[in-house]
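Fair warning: this is a prediction, and the values are worked out from it, not measured in the lab.
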Amino acid sequence: MSTAYKPVGWNRNKLIYDAVLLCGVVAYILLYLKLAPLLSPSVRAVDTPILRMRAFGSLAFLLLTVVLAIGPLARLDPRFLPLLYNRRHFGVMTAVVAFTHAMFVLDWYFAFSATPKLTALFTSNTSFGSIAGFPFELFGIFALLILLVLAATSHDFWLSFLSAPIWKAMHMSIYAAYAAVVLHVGLGAAIDGTNPVTALSLTASLAALSILHLLAGRREKAIDDAASRIDAETGWVDVGALDTIQEGRAIIGVLPQGERVAVFRFKNRLSALSNLCSHQNGPIGEGKVVLGFATCPWHGYQYRLEDGCAPPPFKERVRKYRVKVSGSRVLVDPVAVPLGTRIEPVTIAEALSASHPSTPTTRTSP
């Protein structure tokens with residue numbers, strides 16, 4: 001979190017993340033240039049400039065596949081959350097690698113064109129009526145433009161300026177970029193017809209991403225389908241059993257309007273917040289309480305348990321809900337209090353006493 005916009009708010013995690021990412025990029029390019037000719041006769045027959053552009057092109061496709069896999073992986077297993085934390089850095093690196101690939105293509109195939117390189121790219125092949133000869137380069141250019149726009153708007157300044165819903169919707173276009181890359185690579189491989197590894201890689205990428213997204217979607221649907229029941233007497237939502245909430249963690253319930261609510265247990269007190277982080281709608285309830293603040297597992301945004309506000313000088317806020325205990329069940333008022341309203345957390349011992357009043361005893365005089 002930051003109160004001022006900087007190009008990159010460097011910290012130890014970001015430095016390590018970017019260093020590992022950069023080392024991986026360099027290692028892949030070097031290994032591809034050295035090993036690909038040894039493993040494939042068709043690759044060995046191509047010129048060095050073509051080998052170089054294929055190295056960057058294949059790496060861009062691999063990076064894009066990983067970028068799209070990080071989200072569902074983090075939903076399925078929290079051990080992948082460190083990858084999600086700086087996923088935007090991953091996306092920017094993907095755009096840089098894809099742009100490098102495009103520059104190599106232009107410099108090799110259109111270096112001696114009588115017309116400008118970009119003009120030659122768009123006019124050299126106009127066989128739109130033929131699948132075998134379709135100008136697959138256009139799909140690559142379309143995907144590259146999307147990646148560059150997403151990289152340029154990846155900073156939190158744009159998220160704040162555009163608003164989270166618009167920014168998120170715009171960045172979902174990465175799936176359109178992936179579809180375009182699949183067409184670009186698939187048609188290019190079909191025209192070339194000499195390297196079966198490309199087709200196998202394409203199939204593996206599509207299969208892996210499809211399976212991961214289906215599994216993550218099934219998990220989310222299961223949460224929504226297990227809709228919390230409404231208490232008939234109070235109209236409050238029963239989000240689960242008290243003993244299922246671990247200290248410093250939360251359970252997640254579903255309100256009648258479909259929004260999820262997270263009930264945290266901290267120092268044997270209960271607090272209910274919206275499960276949607278105000279940063280990028282991250283799942284607050286899948287995080288934990290750190291130094292007394294509910295902390296989103298995606299990017300570390302924090303909120304006070306009492307009022308749902310970020311600690312000063314930060315300005316982010318999430319909705320706050322009333323919570324109580326009935327028997328062994330935790331109930332949440334489905335109507336949020338006004339943003340910023342302070343509600344003291346419910347002490348579990350007191351809530352249980354109120355829920356199960358003890359039977360008064362009569363003392364007999366001796």
- Can you check whether Leu83's main-chain N or O pairs, donor with acceptor, with Tyr17's side chain at less than 3.5 Å? yes
Is there a donor-acceptor contact under 3.5 Å from the side chain of Lys320 to the main chain of Leu305?
yes
Would you mind checking if Glu286 and Arg260 are paired as a salt bridge, meaning a charged N to carboxylate O distance below 4.0 Å?
no
Worksheet item: Do Arg317 and Asp307 meet the salt-bridge criterion of a basic N to acidic O distance under 4.0 Å?
Response: no
Side chains of [X] and [Y], heavy atoms from C-beta outward: is any pair under 4.5 Å?
X	Y	value
Phe99	Leu147	no
Leu118	Leu106	yes
Ser124	Phe110	yes
Leu145	Ile141	yes

All heavy atoms of His155 vs all of Arg88, minimum pair found to be C-NH1, 4.0 Å
In short, Leu206 meets Tyr178 closest at the heavy-atom pair N-OH, 3.5 Å
Begin with the C-alpha distance, continue with both residues' side-chain angles, and end with the deciding distance and a verdict on side-chain contact (heavy atoms from CB on, under 4.5 Å) for Leu276 and Val318. CA-CA 7 Å; Leu276 298 177; Val318 296; over 6 Å; no
Only one of Trp298, Trp167, Tyr301 passes ring pair (Phe, Tyr, Trp, His ring centres under 6.0 Å) with His279, and that residue is Tyr301
From the list Phe134, Phe136, Phe139, ring pair (Phe, Tyr, Trp, His ring centres under 6.0 Å) with His184 holds only for Phe136
Distance (rounded to the nearest 0.5 Å) between [X] [atom1] and [Y] [atom2]:
X	Y	atom1	atom2	answer
Ser205	Leu64	OG	CG	7.5 Å
Thr65	Leu202	OG1	CG	8.5 Å
Ile29	Lys34	CD1	NZ	13.5 Å

**Prompt:** When you look at Glu306 and Ile343, which way does the side-chain contact (heavy atoms from CB on, under 4.5 Å) test go after all the steps?
**Reply:** CA-CA 5 Å; Glu306 295 81 7; Ile343 302 176; over 6 Å; no
**Q.** Hphob cluster co-occupancy, Leu81 + Val66, side-chain heavy atoms under 4.5 angstrom
**A.** yes
- request: Under the side-chain contact (heavy atoms from CB on, under 4.5 Å) rule, what do Glu137 and Val105 come out as? Steps first, then yes or no, please.
  value: CA-CA 10 Å; Glu137 300 89 351; Val105 170; 5.9 Å; no
Could you give me the CA-CA distance, side-chain angles and deciding distance for Asp18 and Met93, then say whether side-chain contact (heavy atoms from CB on, under 4.5 Å) is met?
CA-CA 9 Å; Asp18 287 358; Met93 181 63 75; over 6 Å; no
